[in-house]
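Chain letters run A, B, ... following the sequence lines, proteins first, then strands; residues in each count from 1. Note that the coordinates shown come from a computational prediction; the quantities given were computed from them, not determined experimentally.
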Protein chains: 2
Amino acid sequence: MFRMTGLRADARRNREKILAAARELFREQGTAVALDDIARRAGVGIGTLYRRFPDRDALILDVALEGFETVLAVVEAARAGGGGAAAVLDETFRRVVEQRERLVMPLVGGPVVRDPRVRKLQRAILGALEEVLAEGRGEGVLRADITAFDLVGAAAMACRPMPHLPREAAGALAARHVAVYLHGLRPHGAPALPDMVDPGGYLGLG
Amino acid sequence: MFRMTGLRADARRNREKILAAARELFREQGTAVALDDIARRAGVGIGTLYRRFPDRDALILDVALEGFETVLAVVEAARAGGGGAAAVLDETFRRVVEQRERLVMPLVGGPVVRDPRVRKLQRAILGALEEVLAEGRGEGVLRADITAFDLVGAAAMACRPMPHLPREAAGALAARHVAVYLHGLRPHGAPALPDMVDPGGYLGLG
DNA sequence: AGCCAACCGGAGCTTTTCCTCCAGATAGGG
DNA sequence: CCCTATCTGGAGGAAAAGCTCCGGTTGGCT
């Protein structure tokens with residue numbers, strides 16, 4: 001039989017439940033949330049959580065990794081879908097908003113920032129977006145001074161947790177925001193942007 | 001002598017230090033952060049924190065209140081500055097980004113949402129923005145389907161904490177994002193927006 | 001079906017956080 | 001400068017969270 005990972009089926013299921021609960025609670029209360037609460041919301045024992053994630057940072061890291069993987073998959077799927085650069089960006093942001101509750105990249109200035117797998121995913125995401133931008137500039141549908149970093153930042157902002165709002169309202173807000181932002185990316189009559197500052201490394205989302 | 005509040009000078013100073021530390025830590029780690037940590041970062045004893053803020057919710061509420069007050073002041077100052085609606089929005093968002101580290105409205109679906117002072121400030125902010133929008137539509141410089149709620153949401157997104165980035169990089173990112181967003185608010189060639197969903201109450205930022 | 005390596009849950013010990021209380025310090029009016 | 005109402009910091013008991021360990025359960029191979 002095909003094994004997705006080296007884990008047994010029940011273990012894999014529980015791992016997913018824990019990650020889902022962690023995503024929710026990180027978004028609602030931040031990464032300082034009690035691990036007991038995460039286990040409780042996941043419906044597993046605390047021992048199960050600690051077996052799979054030796055400490056808080058390991059859990060944060062895995063949540064972040066899945067988030068970055070999802071983003072990369074979204075960008076690649078949008079590119080594979082074809083169309084011009086504008087269409088690719090539309091599709092990318094549409095899917096980012098759709099999956100924003102999964103895109104929890106806890107934004108912690110800790111071990112996550114230094115993890116090589118995270119950095120590799122970041123490079124892949126930025127690289128793919130840069131290619132899209134290059135195309136778009138060639139087609140004249142995108143202003144020239146936008147960087148891939150701007151786009152990742154925009155995605156991060158649109159994915160901002162808003163746990164005080166009903167889910168659909170938060171989703172609608174994000175979708176509308178992104179629509180305006182994308183429209184603002186067009187070169188026609190665009191005023192100059194403030195200077196970029198080197199981010200020096202890690203990019204994080206919601 | 002003029003008393004800003006009923007507090008003694010040292011008490012007022014410490015209150016500010018505690019709020020500043022709380023803002024930082026809420027942004028970095030979320031509202032579940034240990035209150036001891038907040039007192040330590042503020043450089044005051046834990047007793048001082050508890051005397052001023054009887055529990056976590058009181059602290060969260062006061063941080064939120066100051067944030068909403070700041071936003072309202074920003075909007076009103078921008079309107080007082082004059083110019084057309086577009087200029088008012090430019091100025092509003094410029095200052096929001098400038099003060100984004102102070103605009104911590106913890107986004108917790110708890111007591112904050114129900115506090116009457118918070119709701120009053122929200123109404124004032126939304127009301128002021130609606131007037132600006134009405135002007136802007138009259139002048140033809142703003143697309144007609146944008147709501148005040150969209151604008152508050154945009155501000156919240158731009159204020160998103162990004163503690164993993166150097167401060168200047170995060171600021172530049174926010175400023176550039178807002179510039180693109182504002183450009184996207186112009187009606188020329190704008191595609192239709194997704195439908196709005198009623199937020200049902202509380203609005204929160206950063 | 002039968003077996004066993006892998007996994008589960010939570011009791012329970014340790015560490016941290018919560019919160020109260022009060023002896024000593026200080027602002028600021030007279 | 002002195003007095004006192006107000007404020008401070010941190011010790012310390014209670015409560016919660018962090019973390020480990022092991023008896024019992026279960027998936028999945030044969």
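Between A:K17 and the options A:T48, A:L49, A:V44, a side chain to side chain contact (heavy atoms under 4.5 Å, CB included) holds for only A:V44. A salt bridge (Lys or Arg N to Asp or Glu O under 4.0 Å) with A:D10 is found for one member of A:R12, A:R8, A:R13 and no other, namely A:R8.
Where A:A32 and A:T48 each meet DNA chain D at their nearest nucleotide, the meeting point lying more 5' is that of A:A32. Between A:G45 and B:R13, the residue anchored nearer the 5' end of DNA chain C, judged by the nucleotide with its closest heavy atom, is A:G45.
Heavy atoms of A:R52 sit under 4.0 angstrom from primed sugar atoms or phosphate atoms, though from no base atom. Backbone-only engagement by B:N14 is indicated by non-hydrogen atom pairs under 4.0 Å involving sugar-phosphate atoms exclusively. Note on A:R51: a base of the nucleic acid sits closer than 4.0 angstrom, heavy atoms only.
We find that CG of A:D10 is positioned 16 Å from P of C:dA5, with the value rounded to whole Å. A straight line from NZ of B:K17 to C1' of D:dC7 spans 13 Å, rounded to a whole angstrom. Atom CD of A:Q29 is separated from atom C1' of C:dT17 by 15 Å (rounded to the nearest Å). Summarising the geometry, the separation between CG on B:L49 and P on D:dT8 is reported as 11 Å, rounded to the nearest angstrom. Following rounding to the nearest Å, B:L59 (CG) and C:dC18 (P) show an atom-to-atom distance of 11 Å. The nearest whole Å value for the distance from the CD1 atom in B:I46 to the P atom in C:dT16 is 16 Å. Atoms OH (B:Y50) and C1' (C:dT20) sit 10 Å apart, rounded to a whole Å. Regarding A:L35, its CG atom lies at a distance of 17 Å from the P atom of C:dG10, rounded to whole Å.
The backbone N or O of B:T31 lies less than 3.5 Å from a partner atom in the side chain of B:R56, making a donor-acceptor pair.
Classification of A:E76 and A:R79 as a salt-bridged pair fails, no side-chain N sitting under 4.0 Å from a carboxylate O.
Between A:R8 and the phosphate of C:dA5, there is no side-chain N or O to OP1/OP2 separation shorter than 4.0 Å.
Residues B:F93 and B:L151 are in side-chain contact: their nearest non-hydrogen atoms beyond the backbone lie under 4.5 Å apart.
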